[in-house]
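First the structure, in the form of structure tokens, and then the observations on it.
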Amino acid sequence: RRRRMHRAAVSLARHSLVAVSSARNTMAMARAPIAPLAAKKSVAVSSATTSPLQFGAAMRAPGAPRAAPGTQRRAFAHRSAILARASPATTETPAETAAPKTERRKRVLSGVQPTGSIHLGNYFGAIKNWVGMQEDFDAFYCVVDLHAITPGNHDPKALKLSTRSSAAIYLAAGLDPEKSNVFVQSHVKAHSELCWLLNCATPIGWLEKMIQFKEKARKAGEDVSVGLLDYPVLMAADILLYNADVVPVGEDQRQHLELTRDIAGRVNNLYGGNKWKKMGEKGTKAPSGRFRGGEILRVPDAYIPEAGARVMSLTDGTAKMSKSNPAEGSRINVLDTPDEIAKKIKRCKTDTFEGLEFDNPDRPESTNLLTMYQLCTGMSREETLAACGAMRWGEFKPALTEAVIDHLAPIQSRYFEIMDEPGYLDGVLARGADAANEVAEKTVADVRDAMGFLERA
């Protein structure tokens with residue numbers, strides 16, 4: 001009897017222990033963290049503990065037989081234990097492929113007056129350099145017809161003809177309408193508007209110090225026009241309208257570019273920064289779409305090419321080749337005929353020294369004519385001296401004539417093709433003006449905004 005009672009007590013104790021152990025296991029599984037299912041979000045879990053196949057196994061495929069309740073519970077408990085031991089889950093959202101930011105290309109702006117004919121000084125000092133720059137810059141090149149009337153005595157018919165001719169020479173020289181915006185200055189109204197706004201921020205003393213104004217005013221006397229005094233401000237407006245980073249200028253124009261930089265700095269100081277920020281509600285943007293504050297106008301840098309920055313007169317090696325010189329023989333025009341080129345070079349000023357050389361201050365004509373030969377042939381200085389240094393003027397002048405004629409021949413041929421093609425030139429200028437207006441209007445709108453003008457409807 002005692003033995004039966006002892007066996008019963010032992011059996012009861014064993015069953016009690018099993019029940020307690022089972023309860024503990026159930027509570028542990030209930031408390032175990034369960035990672036989010038892959039079907040909800042993309043989940044990264046250590047590959048050593050689980051895999052996509054194990055997640056897929058937890059989901060019953062459509063039409064598959066339902067597992068027995070006990071089997072489901074065991075599978076659930078097994079899966080829970082695995083997930084509880086796994087590394088902490090990290091929820092990741094699929095990385096969106098961000099479009100690479102297109103870096104803003106530096107912008108260049110330049111132009112030539114359509115007064116008279118474009119000559120070798122304009123071509124080598126400006127236009128030929130533009131052709132190379134259009135590959136690397138966001139390029140804006142204009143025919144600056146507003147500057148052509150500054151003396152106050154221009155010929156209206158001649159202005160109209162020379163404006164079209166100048167634009168055609170731009171294209172014939174190699175400017176590509178697909179790479180450069182070629183337009184006429186007066187076709188963009190913002191040039192005149194910004195000029196007036198800048199006038200009101202520019203001290204007159206700055207303009208009276210300009211060397212070219214002093215020289216021309218001395219010659220004109222009381223008949224000097226206000227336009228001659230003010231045209232450097234218009235030049236500043238031309239440059240600043242397009243947020244130009246660099247401006248190709250001749251050495252004689254460097255003072256004008258410095259004035260442009262001074263004017264931009266003055267406008268930025270008077271109306272930019274926090275003053276501009278306070279012109280609108282917090283978080284609102286300027287008319288151009290950018291946030292107010294900082295510089296209103298970009299301050300540009302000068303670009304002066306090493307060779308050809310100043311091609312000098314044929315009659316005076318110390319004076320630059322100029323349209324305003326009354327002596328036609330002082331310059332070679334891009335559209336001169338071969339006979340005209342030969343005649344001008346034959347009569348050009350030389351000296352009495354033997355041989356030819358660069359950079360001798362006593363021989364400015366030698367430097368000028370050798371530079372012209374170098375530019376027309378594409379040779380280096382060393383190659384030019386090797387080919388021509390030992391020549392006398394009688395030998396060199398025919399060689400220079402041939403080099404100039406050969407260089408200009410394809411440009412002249414393309415020029416006449418452009419002028420003979422109906423509608424082509426006007427179409428290029430219209431597209432260029434559209435592109436220029438889009439940029440210029442944003443700039444002048446920001447200046448108006450910073451200066452306190454109401455935004456236009």
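The chain is numbered in sequence order, starting from 1. All of these numbers come straight from a predicted model, not from anything done at the bench.
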> Does the side chain of Lys278 come within less than 4.5 Å of Arg292's, by heavy atoms?
Replying inline: no
>> Within 45 degrees of the ring normal and closer than 6.0 Å to the centroid, is that where the cationic atom of Lys106 sits relative to Phe137?
In response: no
> For the side chain of Asn368 and the backbone of Met312, is there at least one donor-acceptor N/O pair under 3.5 Å apart?
Replying inline: yes
>> Just to verify, what does Asn199 make a side-chain contact (heavy atoms from CB on, under 4.5 Å) with, not counting sequence neighbours?
In response: Cys195, Trp196, Asp230, Val233
> With Arg392, which residues qualify under side-chain hydrogen bond (donor to acceptor under 3.5 Å, both in side chains), at least two apart?
Replying inline: Glu354
> If you look only at pairs with a residue in residues 168-191, which of them pass as a salt bridge (Lys or Arg N to Asp or Glu O under 4.0 Å), with sequence neighbours excluded?
Replying inline: Glu135-Lys179
> Got a sec: does the CD of Glu395 have more than 12 other heavy atoms crowding it under 6.0 Å?
Replying inline: yes
> Can Leu385 and Leu370 be said to form a side chain to side chain contact (heavy atoms under 4.5 Å, CB included), step by step?
Replying inline: CA-CA 8 Å; Leu385 284 176; Leu370 278 175; 4.2 Å; yes
> Is any side-chain N of the basic residue among Lys214 and Glu208 closer than 4.0 Å to the acidic one's carboxylate O?
Replying inline: no
>> Once ring-ring contact (aromatic ring centres under 6.0 Å, His included) is applied, do any residues pair with Trp130, and if so which ones, sequence neighbours excluded?
In response: Tyr141, Tyr170
> If we only count heavy atoms from C-beta on, is the Met133 to Val246 side-chain gap below 4.5 Å?
Replying inline: yes
> What salt bridge (Lys or Arg N to Asp or Glu O under 4.0 Å) pairs are there with at least one residue in residues 318-336, not counting sequence neighbours?
Replying inline: Asp252-Lys320, Glu328-Arg331, Glu328-Lys344, Asp336-Lys344
>> Using side-chain heavy atoms (C-beta onward) and a distance below 4.5 Å, is Ile211 in contact with Gln255?
In response: yes
>> Pairing donors with acceptors under 3.5 angstrom, does anything connect the side chains of Asp316 and Thr318?
In response: yes
> Is the shortest distance from a Lys or Arg side-chain nitrogen in Asp245 or Arg298 to a carboxylate oxygen in the other one below 4.0 Å?
Replying inline: yes
> What distance do Asp262 atom CG and Arg266 atom CZ have between them, rounded to the nearest 0.5 Å?
Replying inline: 10.0 Å
> Would you find a donor on one side and an acceptor on the other, under 3.5 Å apart, between the side chain of Asn269 and the backbone of Gly265?
Replying inline: no
> Nearest 0.5 Å, what's the CG-CZ distance between Leu159 and Arg164?
Replying inline: 13.0 Å
> Considering residues at least two apart in sequence or located in another chain, which fulfil the side-chain contact (heavy atoms from CB on, under 4.5 Å) criterion with Ala168?
Replying inline: Tyr415, Ile418, Met419, Leu425
> So Val108 and Tyr242, side chain to side chain contact (heavy atoms under 4.5 Å, CB included) or not? Walk me through it.
Replying inline: CA-CA 8 Å; Val108 60; Tyr242 301 96; over 6 Å; no
> What's the verdict on side chain to side chain contact (heavy atoms under 4.5 Å, CB included) for Asn122 and Ile169, showing C-alpha distance, side-chain angles and the deciding distance?
Replying inline: CA-CA 11 Å; Asn122 303 134; Ile169 289 176; over 6 Å; no
> Testing Met391, Lys346, Met372 for side-chain contact (heavy atoms from CB on, under 4.5 Å) with Leu400, which one passes?
Replying inline: Met372
> Are side-chain heavy atoms of Leu120 and Val404 found at a separation under 4.5 Å?
Replying inline: yes
Distance-only donor-acceptor pairs under 3.5 Å for side chains of residues 355-362, two or more places apart:
from	atom 1	to	atom 2	distance (Å)
Glu357	OE2	Asn360	ND2	3.0
Glu357	OE2	Arg363	NH1	3.2
Asp359	OD1	Arg381	NH2	3.3
Asp359	OD2	Arg381	NH1	2.6
Asn360	OD1	Asp362	N	2.9

>> Hydrogens and angles aside, do Thr163 and Asp145 bring a side-chain donor and acceptor to less than 3.5 Å of each other?
In response: no
> Does Gln134 have any side-chain hydrogen bond (donor to acceptor under 3.5 Å, both in side chains) partners at least two apart in sequence or in another chain, and if so, which?
Replying inline: Ser180
> Just how far is it from atom CG of Leu146 to atom CD of Gln185, taken to the nearest 0.5 Å?
Replying inline: 4.0 Å
> Which pair of heavy atoms, one from Leu240 and one from Ala264, lies closest together, and at what distance?
Replying inline: CD2-CB, 3.8 Å
> Is there a side-chain contact between Leu369 and Trp393 (heavy atoms, below 4.5 Å)?
Replying inline: yes
> Under 3.5 Å, side chain of Thr202 to main-chain N/O of Leu198, donor-acceptor pair present?
Replying inline: yes
> Within the distance-only criterion (no hydrogens, no angle test), does the side chain of Ser413 pair as donor or acceptor with the backbone N or O of Ala409 below 3.5 angstrom?
Replying inline: no
> Which atoms form the tightest heavy-atom contact between Pro300 and Val247, and what is the distance?
Replying inline: CB-CG2, 4.0 Å
> Do the non-hydrogen side-chain atoms of Leu241 and Val439 ever get within less than 4.5 Å of each other?
Replying inline: no
> Is the shortest heavy-atom distance from the side chain of Arg414 to the side chain of Leu171 under 4.5 Å?
Replying inline: no
> In chain order, what residues pass the side-chain hydrogen bond (donor to acceptor under 3.5 Å, both in side chains) check against Ser162, with sequence neighbours excluded?
Replying inline: none
> How would you list, by chain and number, every residue that makes a side-chain contact (heavy atoms from CB on, under 4.5 Å) with Pro287, sequence neighbours excluded?
Replying inline: Ala445, Asp446, Asp449, Glu455
> Who are the side-chain hydrogen bond (donor to acceptor under 3.5 Å, both in side chains) partners of Ser366, not counting sequence neighbours?
Replying inline: none
> Looking only at heavy atoms, which two atoms of Val444 and Leu197 are closest? And how far apart?
Replying inline: CG2-CD1, 4.1 Å
> Side-chain contact, heavy-atom cut-off 4.5 Å: Pro248 with Asn129?
Replying inline: no
>> Distance check, rounded to the nearest 0.5 Å: Leu257 atom CG versus Met235 atom CE?
In response: 9.0 Å
>> One pair to check against side chain to side chain contact (heavy atoms under 4.5 Å, CB included): Cys142 and Val182. What are the steps and the verdict?
In response: CA-CA 6 Å; Cys142 58; Val182 180; over 6 Å; no
> Can His147 and Asp238 be said to form a side-chain hydrogen bond (donor to acceptor under 3.5 Å, both in side chains), step by step?
Replying inline: CA-CA 10 Å; His147 287 285; Asp238 299 337; 2.7 Å; yes
> If every non-hydrogen atom of His154 is compared with every non-hydrogen atom of Pro156, which pair is closest and at what distance?
Replying inline: O-CD, 3.4 Å
> Between CD1 of Ile405 and SG of Cys376, what distance do you get to the nearest 0.5 Å?
Replying inline: 10.5 Å
> CG/Leu314 to CG/Asn325 distance, rounded to the nearest 0.5 angstrom?
Replying inline: 10.0 Å
> In terms of the angle between their ring planes, are His256 and Tyr231 parallel, tilted or perpendicular, with boundaries placed at 30° and 60°?
Replying inline: perpendicular
> Can you list every pair that meets side-chain hydrogen bond (donor to acceptor under 3.5 Å, both in side chains) and has a residue in residues 397-409, with sequence neighbours left out?
Replying inline: Tyr123-His407
>> Determine whether the aromatic ring centres of residues Tyr373 and Phe124 are separated by less than 6.0 angstrom.
In response: no
